[in-house]
Structures are given as C-alpha cells and as structure tokens.
Trainee: 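One structure, as structure tokens, below. Some questions next.
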Protein chains: 2
Amino acid sequence: MGKLDFSPIADTTRRAEIVALLRRAILTGQLEPGQKLNELRIAEQMRVSRAPLREAMRELVQEGILTSIPYAGTFVIDVTAKDIDDAYSLNKVLDEFAIELTWKLRDQRFFAELDRRHEAVKQATRDLDTTRQIETALQLHGLIYEWSDNSVLLETWQRLTSRLQMYFALHQHARNEPVPAEDVHETYVRLLKGKDMRAAQRHAREHIDLDFEELLAYARSLEQRASKGARADRAGHARGRPEGG
Amino acid sequence: MGKLDFSPIADTTRRAEIVALLRRAILTGQLEPGQKLNELRIAEQMRVSRAPLREAMRELVQEGILTSIPYAGTFVIDVTAKDIDDAYSLNKVLDEFAIELTWKLRDQRFFAELDRRHEAVKQATRDLDTTRQIETALQLHGLIYEWSDNSVLLETWQRLTSRLQMYFALHQHARNEPVPAEDVHETYVRLLKGKDMRAAQRHAREHIDLDFEELLAYARSLEQRASKGARADRAGHARGRPEGG
DNA sequence: GACAAGCAGATTGTCGACAATCTAACAAGA
DNA sequence: TCTTGTTAGATTGTCGACAATCTGCTTGTC
C-alpha cells in the first residue's frame with residue numbers, strides 16, 4: 001500500500017471562500033478602515049446570497065478585523081495608534097515566549113524552513129511586491145509559533161497577525177516608496193540558528209521596534225484626519241468604493 | 001444637568017441572545033465536549049429560525065469553543081490534556097505581562113474593585129455554587145487585564161478564559177465534592193495590593209499551578225475514555241493533531 | 001428660520017423552503 | 001464473506017422574500 005499523505009480537500013462551502021476573499025480585501029487595504037460593508041452590494045458582486053456572506057462576516061468580526069453594530073452595519077475596524085501600540089507590546093511578550101518554547105525543538109527541518117521563508121521574503125523584496133513582502137515577512141515571523149507546539153499560542157498569534165498585517169498594509173499604502181532594500185531579517189534568522197536564546201529574544205524586541213515609530217506616526221496622522229470627519233466615517237459615507245473582486 | 005453614565009442598551013438581536021445562551025450552556029458543561037449541535041433541534045427549542053442560530057454558531061467557532069466541519073456539523077471542542085497545558089502555560093505569560101502593565105496604574109478604585117470581586121468569590125464559595133464560583137474567580141483574575149489598559153491583551157485573555165472556564169466546569173462536574181473551603185485567593189489579592197511586583201508575578205504562576213495537576217489528570221482520563229469510545233470521531237477531530245509545520 | 005412629527009427609502013435581521021451533501025442501511029455481484 | 005452500487009433519510013448549506021429598524025428628507029406648525 002502506498003504511503004501517501006493526502007492533504008484534506010479544500011473547504012467547498014461558499015462561506016469559506018467568502019471569508020478568504022473578504023479577509024484578503026481587508027488585509028491588503030482594498031477595504032479601508034472604518035468603511036462600511038454593504039451586504040446587498042457585496043452579495044451581488046460575489047453572486048451569492050446574503051446568508052453565507054453574513055456568516056462569513058460574523059467570523060471576521062470575531063477574528064477582530066470587522067466590527068458590527070446591530071441594525072447599523074458591519075465596518076472594517078478603525079486603526080488607532082493605541083491599538084497598534086497595544087498589539088505590538090503584546091507581540092513582544094508572545095515572541096519571547098514562542099522563542100523559549102521553540103528553542104529546544106529546533107532541528108534540521110526547522111532551520112531549512114527558516115531559510116525557505118527567509119528566501120521568500122527576499123524574493124518578494126526583489127519583486128517589489130509590497131503586499132507579498134508583508135505576507136512573507138509575517139510567515140517568517142510565524143515559524144517560531146508554528147514550531148512552539150502550543151496550539152493556543154499559535155492561534156493567539158494568528159489573530160494578532162491579522163491586525164498587524166492590516167496595519168502594515170496601511171502603512172505601505174501610505175508611503176509611496178517601494179520597500180526597504182536592505183535585508184532586515186538577516187540578524188533575526190542568524191540568531192534563531194545560534195546558541196544564545198536570550199540574544200534571540202532581545203533581538204525580537206528590537207527588530208519589531210524597527211519601523212514601529214514610523215507606523216505609529218502614520219497611525220496618529222490617520223487619527224487626526226479621522227477626528228475631523230468622524231461623523232461621515234461612522235455613517236458609512238460613500239467616500240471610497242469597494243473594489244469588486 | 002445630572003452626570004449620569006448610561007450603560008449601552010442590550011443587544012436586541014436574536015443572534016446576540018443565542019450566542020449568550022449557547023456560550024453559557026457550553027461553559028457550564030450542559031453541552032459536553034465533542035457533542036454535536038443539531039441546528040434544527042436547537043432552533044426549534046429556542047423558537048428561532050436557523051439563520052441567526054447559524055450566525056451565532058459561527059461566532060462561537062471563532063471564539064474557539066465550537067468547531068465546525070462542513071456538511072458534517074458543529075461540535076463542542078474536545079478537551080485534550082495538551083490544550084489545557086498549552087492554555088495554562090500561555091496564561092502564565094499573559095498574567096506576568098498584565099501585572100506589569102497594571103502595576104503602575106493601581107489606585108484606590110482598583111483596590112476597591114479587587115476587594116469587591118474577591119468578596120464575590122467568597123460569597124459564591126459560601127453558597128456552594130460551583131458554577132458561580134468559577135465565574136467569579138475568573139472575574140477576579142481578569143481585573144488585572146481590564147486594568148492593564150491594553151485592549152488587545154484583554155481580548156486575548158477573554159478568549160483564553162472561555163476555554164479555561166470550560167475546563168474548570170468539566171473538572172467541577174467530574175468530582176462531586178463541593179468546593180475547596182479555604183480561600184485560595186487571599187495571598188493573590190494581598191500581593192496585588194503590596195509593593196513587590198515580582199512577588200505578585202511569581203505568585204500568579206504558582207497559584208495557577210495549584211489544582212492544575214488535578215485538572216490535567218482528569219483531562220487525561222477523559223482522553224482515555226474518548227479513545228475507547230471512538231464513537232463520534234469519524235471526522236477525525238478527536239484523534240491526534242498532525243498539524244504543525 | 002427652528003423644530004418636532006411623520007413619511008419614504010435603504011439596509012439589516014429573520015424566516016421558511018429548497019438544494020447539496022453526508023450517513024447508514026440494503027441489495028447485487030464477485 | 002467481502003466489496004460495490006443504490007437508495008432513503010437526515011442534516012447542513014444556500015436562497016429569495018418578508019419584517020424590523022435606521023437614516024434622511026419633507027411637511028406642518030410656531
């Protein structure tokens with residue numbers, strides 16, 4: 001008998017596909033923070049009924065990237081500087097923990113996967129594909145969580161990641177510059193391969209701090225803009241149209 | 001003009017009420033781990049249609065206390081010893097962080113609230129109300145998170161709490177003994193009022209460890225029973241988890 | 001002109017029915 | 001006996017329509 005490991009077949013429910021579509025639209029910034037999601041219009045565009053769409057939206061609400069107000073609508077979450085700050089400071093703590101757990105589980109496969117993901121980031125950087133660069137960088141970062149053998153920790157980080165990715169995407173959208181050319185993950189990878197766990201943990205903190213200040217500054221500027229036209233945002237004013245699929 | 005703070009009016013959607021009902025049923029152990037939720041039957045019992053019920057279920061799936069398999073059904077999550085272990089070890093880390101953040105924000109109101117919640121636990125203990133005892137103990141524990149002024153951390157902990165509460169409820173259901181009569185939170189409260197942050201953090205770890213072993217042992221016995229029964233695991237969600245890399 | 005009441009329009013929440021899929025039982029064939 | 005194909009029943013996934021609610025505009029009154 002052949003010893004082939006079959007991977008589970010794809011979820012064939014419309015709901016799952018809608019979730020994926022919406023999540024991508026949000027995390028890449030096609031749907032802007034604060035924007036209202038009109039169920040009828042989205043359902044029409046996707047050629048589905050509102051039932052699976054609404055179920056998908058509930059999932060994303062619980063995932064933390066949408067927020068829902070009964071009888072008013074469902075909106076992409078607003079990005080506040082405080083949120084970013086909170087998320088990052090928590091991320092630091094989780095990183096330290098993940099490194100600690102992963103440390104003694106590192107093996108040849110871990111290092112290989114680490115290199116593979118690092119390479120993916122560098123490739124995306126060369127391609128000047130900012131969206132993919134964010135994606136791959138977070139995947140590189142996520143390896144220590146996947147390897148930590150703590151499913152609750154992994155799940156927690158993945159939730160956090162959704163927002164972080166959204167924040168990053170916003171940031172990248174804002175500044176038109178393409179991308180940082182230098183490889184900011186070189187040290188991170190090297191330390192994860194090394195023998196000094198403390199050093200790796202320390203670097204994880206500092207590395208995160210890298211363009212944190214820039215991101216925060218951008219978030220604050222967003223807030224100022226928001227506080228001016230707050231009323232219009234809340235009502236779902238037709239400022240930006242959702243880019244259909 | 002009177003300076004009255006109005007609390008937000010209750011969510012008037014059926015969905016929200018269904019979520020609350022289901023969550024309570026799960027966290028109190030009325031719905032057992034691994035049990036399937038039949039949509040038609042539950043909808044009939046609650047006198048609602050399946051639409052809001054299904055949306056509610058999606059929320060609880062994302063909340064981590066239900067799990068869904070397309071075209072097969074939605075089930076209460078299975079409790080594995082590993083899950084409990086993972087949740088607790090993460091909880092320790094979060095506790096340390098929460099104490100650190102809260103420490104310099106403590107004030108008179110904090111201490112008052114601390115005492116109030118502590119009193120609630122003692123009251124539930126006197127009343128021999130195990131369910132409420134778990135509830136109040138977790139609320140006491142949650143104060144440092146609410147006070148930490150980090151919404152992401154709070155949210156993370158609340159997700160974790162759902163499961164912890166479920167685990168505790170299971171445990172309490174299992175052993176028919178009423179409750180521990182001694183006040184296990186006395187030291188915790190005292191240290192949170194004191195001046196030695198490190199001591200408080202240290203105690204948080206040890207306090208958690210208190211009946212952890214007992215809970216783990218119970219979870220392991222559950223697993224053995226499950227592996228024998230092998231009745232509802234046709235979808236494979238009770239088996240080992242081959243995820244990871 | 002200011003302001004409350006009330007009327008449309010649009011949008012969300014909910015319902016009942018239908019379609020797609022799974023499970024289990026049973027028959028046919030090797 | 002074991003396997004395979006078929007069928008019936010039950011359950012989940014999806015749809016279109018209706019009810020409840022919100023928003024903005026109009027109207028009438030002062």
Side-chain angles (χ1 to χ4, degrees), chain A residues 1 6 8-22 31 34-62 66-77 229-242 244, chain B residues 8-22 31 34-62 66-76 229-238:
Chain A
M1 190 145 52
F6 287 103
I9 62 174
D11 286 352
T12 50
T13 62
R14 298 197 195 290
R15 183 183 68 239
E17 294 199 39
I18 296 172
V19 166
L21 275 177
L22 281 182
L31 286 170
Q35 187 171 349
K36 176 172 176 177
L37 277 67
N38 185 309
E39 297 179 2
L40 225 47
R41 193 169 55 210
I42 295 179
E44 270 179 13
Q45 291 178 351
M46 290 189 180
R47 306 289 184 85
V48 296
S49 74
R50 286 172 54 220
L53 172 61
R54 282 173 59 86
E55 290 186 16
M57 284 166 116
R58 278 334 126 203
E59 290 191 20
L60 294 177
V61 166
Q62 284 306 106
L66 288 182
T67 179
S68 166
I69 305 175
Y71 290 107
T74 306
F75 308 82
V76 179
I77 60 166
R231 198 60 206 158
D233 271 317
R234 182 59 161 47
H237 199 50
R239 181 157 49 186
R241 203 184 114 272
Chain B
I9 63 174
D11 287 351
T12 51
T13 62
R14 297 196 195 292
R15 182 183 69 240
E17 295 200 38
I18 296 172
V19 166
L21 274 177
L22 282 181
L31 285 170
Q35 186 172 348
K36 176 173 176 178
L37 278 66
N38 186 309
E39 297 179 1
L40 226 46
R41 193 173 55 211
I42 295 179
E44 272 179 12
Q45 290 178 351
M46 291 188 179
R47 305 289 183 86
V48 295
S49 75
R50 285 172 54 222
L53 172 62
R54 282 173 60 86
E55 291 186 15
M57 284 166 119
R58 281 330 129 206
E59 291 191 20
L60 294 177
V61 166
Q62 284 306 105
L66 289 182
T67 179
S68 165
I69 303 175
Y71 290 107
T74 306
F75 308 81
V76 179
R231 174 177 44 90
D233 65 347
R234 31 182 83 86
H237 63 280

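In this text, all values refer to a predicted model and were calculated from it rather than measured experimentally. Each chain gets a letter, A, B and so on, in the order its sequence line appears, and its residues count up from 1.
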Trainee: Please determine whether a side-chain nitrogen or oxygen atom of B:Arg54 lies at a distance below 4.0 Å from atom OP1 or OP2 of D:dT12.
Mentor: no
Trainee: A side-chain contact here means heavy atoms from C-beta on lying under 4.5 Å apart; do B:Glu59 and B:Glu55 qualify?
Mentor: no
Trainee: Could you check how far CZ of A:Arg58 sits from P of D:dT14, rounded to whole Å?
Mentor: 16 Å
Trainee: Where do B:Ile69 and B:Phe75 come nearest, in terms of heavy atoms and distance?
Mentor: CD1-CE1, 4.1 Å
Trainee: Within this structure, what is the OH-to-C1' distance between B:Tyr71 and C:dC22, rounded to whole angstrom?
Mentor: 10 Å
Trainee: Can you give me the closest heavy-atom contact between B:Arg14 and B:Pro52, atom names plus distance?
Mentor: CB-CB, 4.4 Å
Trainee: Using OP1 and OP2 only, check whether a side-chain N or O of A:Ser49 sits under 4.0 Å from D:dT14.
Mentor: no
Trainee: Kindly point out which of D:dT14, C:dT11, C:dC15 is positioned nearest to the side chain of A:Lys36?
Mentor: C:dT11
Trainee: Tell me which nucleotide among D:dC15, D:dG13, C:dG13 gets nearest to the side chain of A:Pro52.
Mentor: D:dC15
Trainee: Would you mind reading off the distance between B:Glu39 atom CD and C:dT14 atom P, rounded to a whole angstrom?
Mentor: 16 Å
Trainee: Have a look at A:Ile18 and say if it touches a base, only the backbone sugar-phosphate, or nothing, with a 4.0 Å heavy-atom cut-off.
Mentor: nothing
Trainee: Indicate, with a heavy-atom threshold strictly under 4.0 Å, whether A:Arg15 touches base, sugar-phosphate, or nothing.
Mentor: sugar-phosphate
Trainee: Are the side chains of A:Arg15 and B:Ser68 in contact, using a 4.5 Å heavy-atom criterion?
Mentor: yes
Trainee: Within the structure provided, determine whether B:Leu53 and B:Leu22 are in side-chain contact (heavy-atom separation under 4.5 Å).
Mentor: yes
Trainee: I need the CG-P distance between A:Leu37 and C:dG13, as an integer number of Å.
Mentor: 12 Å
Trainee: Nearest to the side chain of B:Val48, heavy atoms from C-beta on, is which of D:dT12, C:dG13, C:dC15?
Mentor: C:dC15
Trainee: Without decimals, in angstroms, what is the distance between B:Ile69 CD1 and C:dT21 C1'?
Mentor: 14 Å
Trainee: Specify the separation, in whole Å, of atom CG of A:Asn38 and atom C1' of D:dC22.
Mentor: 14 Å
Trainee: Tell me: CG of B:Leu40 to C1' of C:dG16, nearest whole Å?
Mentor: 11 Å
Trainee: Would you indicate whether the side-chain heavy atoms of A:Thr74 and A:Leu60 approach each other to under 4.5 Å?
Mentor: no
Trainee: Using rotation axes that map the C1' atoms of four end pairs onto the next four (five pairs an end), what angle separates the end axes of the helix from C:dG1-D:dC30 to C:dA30-D:dT1, to 10°?
Mentor: 0°
Trainee: Answer yes or no: is there a side-chain heavy-atom contact under 4.5 Å between B:Val76 and B:Leu66?
Mentor: yes
Trainee: Look at all strands and tell whether A:Arg14 reaches a base, only sugar-phosphate, or nothing, counting heavy atoms closer than 4.0 Å.
Mentor: sugar-phosphate
Trainee: Over how many whole Å does the gap from B:Glu55 atom CD to C:dG13 atom P extend?
Mentor: 7 Å
